[in-house]
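Encoded as structure tokens, the structure appears first; notes follow it.
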Amino acid sequence: MRHFDFKDGEMFAENVALREIAQDVGTPCYVYSTATFERHYNVFADSFKGIDALVAYSVKANSNIAVLATLAKLGAGADVVSGGELARALTAGIPGSKIVFSGVGKTGDEMRAALRAGIRVFNVESLPELYVLNDAAKELGVKAPVAFRVNPDVSAGGHEKISTGKKENKFGIAWSQAEMAYAEAAKLSHINIVGVDVHIGSQIDELAPFEAAIAKCKDLISRLRAQGHEIKSFDIGGGLGIPYGDNSKTPPPPAEYGALVKRLTADMDVQMIFEPGRMIAGNAGVLLSKVLYVKKGEDRSFLIVDAAMNDLIRPALYEAYHEIEPVKAPGSAYSESTYDVVGPICESGDTFTKSRDLPEMEAGDLLVMHSVGAYGAAQASQYNTRPLIPEVLVKGELYEVIRERPTIAEILSHEHLPSWL
Ligand code: LLP
């Protein structure tokens with residue numbers, strides 16, 4: 001069931017009219033549905049019922065602490081990639097024992113913070129990083145739990161900017177160097193090898209790449225065990241795609257993904273770790289925006305809206321498709337127009353879509369862009385000195401602002417004139 005849908009002629013988020021949120025909070029803003037986060041988390045977690053599994057939600061997809069706390073209540077752990085994300089996860093009540101730390105460029109300070117928090121595992125991506133981690137753990141008098149992120153050289157569809165599992169990508173330990181890396185780690189005094197980690201990409205719309213990556217890692221884990229390493233956990237990352245409402249392939253449902261993983265790993269005697277991001281958050285959010293102007297050009301019509309590429313960069317960055325709908329339901333005999341939907345930023349790339357057939361709209365009309373709960377607010381910037389937009393969380397009839405819009409004065413207060421001016 002969709003939690004963003006028309007009721008009585010207008011679009012609701014659960015039981016709250018988006019018109020009401022727009023009036024109260026102002027546009028543009030992100031609106032999230034608690035019921036959708038919960039359903040997606042539960043569908044994902046349920047597909048691993050009966051096996052030892054940790055669902056470590058990938059914080060980068062949507063890192064608002066209210067979202068993290070919503071998921072924490074359901075039992076979610078967290079996959080973090082920075083000291084900032086670690087602080088968010090801990091603030092939201094996710095215990096260190098359920099936090100995994102990924103990323104190619106962890107700093108010593110970030111490692112120390114994670115060690116102090118007693119995180120579950122560091123997904124280490126290079127030997128130089130391993131040595132820094134060993135030193136950090138030594139300094140604190142602890143042992144760092146480590147899995148190497150290995151690069152299985154598997155092609156995983158998706159946009160080239162979000163494919164990570166090929167050998168030309170910067171991610172993971174090269175396949176041919178994996179055993180050497182484990183041997184090296186075993187020699188270090190403050191490293192405790194606990195697992196193997198892999199993540200091959202994002203918005204993956206078929207099961208075959210997961211199958212290929214798991215098969216390769218399974219083989220590697222057998223060899224590592226034969227070499228005397230104790231491999232307790234196997235993290236297969238995130239990456240499962242979601243439907244965006246365009247004509248691209250519909251990704252497999254989580255239950256099919258779960259069944260595949262269970263079948264392939266049944267005899268491995270490992271604890272499974274998953275790092276889903278988009279699958280949990282993507283369809284739990286809309287971007288609510290207002291038409292500022294309708295500009296009829298020589299051969300195109302532009303809907304100039306108050307949201308822009310700084311608020312949602314996915315179309316500009318990945319040519320991403322987001323379904324667009326008016327908040328007021330079009331009547332039965334509405335007329336359509338073909339629009340380019342654009343924001344106010346001074347770049348042609350500030351275009352959400354080109355030549356989209358939409359119900360005819362006027363200045364002042366509200367519209368939503370769907371499926372922006374993941375990598376929407378999390379990738380926003382203040383380009384053109386446009387303040388970060390508010391985030392609103394809905395739960396049934398209730399809604400609250402979970403991130404406020406900063407004032408221009410607050411933004412400027414972080415900047416200073418040097419002494420010579
Ligand atoms: N684990 C690791 C190590 C990752 O790098 C990522 C995503 C995830 C898990 C979660 O992947 P997901 O389940 O969300 O596919 N900004 C892009 C997506 C970038 C994904 C980066 N890594 C977008 O808007 O499509």
Side-chain angles (χ1 to χ4, degrees), residues 30 37 40-41 43-44 54-63 67 71 76-82 85 89 99-106 120-125 129 147-152 156-166 169-173 195-206 209-210 213 234-244 246 248 251-252 254 257-258 261 272-285 287 309 311-322 352 369-381:
Y30 280 100
F37 283 120
H40 289 173
Y41 178 84
V43 164
F44 193 87
L54 170 69
V55 180
Y57 165 69
S58 194
V59 171
K60 66 172 76 66
N62 185 322
S63 53
V67 170
L71 296 171
D79 159 47
V80 303
V81 293
S82 68
E85 286 192 355
I99 296 177
V100 308
F101 197 159
S102 306
V104 293
K106 304 174 197 79
R120 167 82 131 253
V121 59
F122 289 86
N123 291 328
V124 172
E125 303 214 17
E129 180 195 336
F148 280 106
R149 173 169 174 181
V150 293
N151 185 326
H159 191 278
E160 61 166 285
K161 287 191 181 141
I162 54 176
S163 173
T164 54
K166 290 288 290 170
N169 301 130
K170 68 179 174 183
F171 299 99
I173 301 270
V196 167
D197 168 51
V198 69
H199 168 82
I200 52 177
S202 198
Q203 189 52 17
I204 299 171
D205 58 9
E206 52 186 357
F210 291 110
F234 178 25
D235 181 338
I236 61 165
L240 186 59
I242 60 166
Y244 274 98
D246 57 353
S248 59
Y257 168 83
V261 173
M272 294 302 300
I273 301 178
F274 303 94
E275 302 170 359
R278 189 189 314 265
M279 200 269 128
I280 308 283
N283 281 317
L287 175 52
M309 66 189 286
D311 306 311
L312 174 68
I313 203 169
R314 302 196 70 256
L317 206 51
Y318 321 112
E319 290 91 41
Y321 177 97
H322 289 276
F352 292 112
M369 297 181 214
H370 285 281
S371 312
V372 299
Y375 308 112
Q379 296 194 117
S381 76

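Note that ligands are numbered from 1 as they come in the structure, with each ligand's atoms numbered from 1 the same way. Keep in mind that the numbers below use all heavy atoms, side chains included, and drop hydrogens, waters and symmetry copies. Everything numeric here is computed off the predicted structure, so don't read it as measured data.
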Less than 4.0 Å is my threshold; does some heavy atom of [X] fall inside it relative to ligand 1?
X      : value
Met279 : no
Ala61  : no
Pro276 : yes

State which residues pass side-chain hydrogen bond (donor to acceptor under 3.5 Å, both in side chains) with Ser102; sequence neighbours excluded, sorted by chain then number.
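side-chain hydrogen bond (donor to acceptor under 3.5 Å, both in side chains) list for Ser102, sorted by chain: Asp79, Asn123.
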Exercise: identify the closest heavy-atom pair between [X] and [Y]:
X      : Y      : answer
Tyr30  : Val372 : CE2-CG2, 3.6 Å
Ile200 : Ala213 : CG2-CB, 4.0 Å
Val124 : Lys106 : CA-NZ, 4.1 Å

For residues Ser381 and Met309, determine if any side-chain heavy atom of one lies less than 4.5 Å from a side-chain heavy atom of the other.
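They are not in side-chain contact.
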Using a 4.0 Å cutoff against the non-hydrogen atoms of [X], which atoms of ligand 1 qualify?
X      : answer
Gly238 : 9 (C), 13 (O)
Gly277 : 12 (P), 13 (O), 14 (O)
Gln379 : 16 (N), 24 (O)
Asp79  : 1 (N), 2 (C), 9 (C)
Arg149 : 3 (C)

Which residue from Arg314, Glu125, Glu275 reaches closest to atom 2 (C) of ligand 1 through any of its heavy atoms?
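When every heavy atom of Arg314, Glu125, Glu275 is considered, Glu275 comes closest to atom 2 (C) of ligand 1.
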With respect to atom 13 (O) of ligand 1, which of Ala56, Gly237, Gly239, Ser102 exhibits the smallest heavy-atom separation?
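The residue whose heavy atom sits nearest atom 13 (O) of ligand 1 is Gly239.
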Quick one: does ligand 1 sit under 4.0 Å from the side chain of His199, the backbone, both or neither, non-hydrogen atoms only?
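The part of His199 near ligand 1 is the side chain, not the backbone.
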Inspect the contact between Lys60 and Glu85 and indicate whether a charged nitrogen and a carboxylate oxygen are less than 4.0 angstrom apart.
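Not counted as a salt bridge, because no side-chain N and carboxylate O are separated by less than 4.0 Å.
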Is a donor on one side and an acceptor on the other found under 3.5 Å between the side chain of His370 and the backbone of His322?
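Not at all, since once roles are kept as given, no pair shorter than 3.5 Å links the two residues.
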Where does the angle between the aromatic ring planes of Phe44 and Phe274 fall among parallel (under 30°), tilted (30 to 60°) and perpendicular (over 60°)?
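Rings of Phe44 and Phe274: perpendicular, over 60°.
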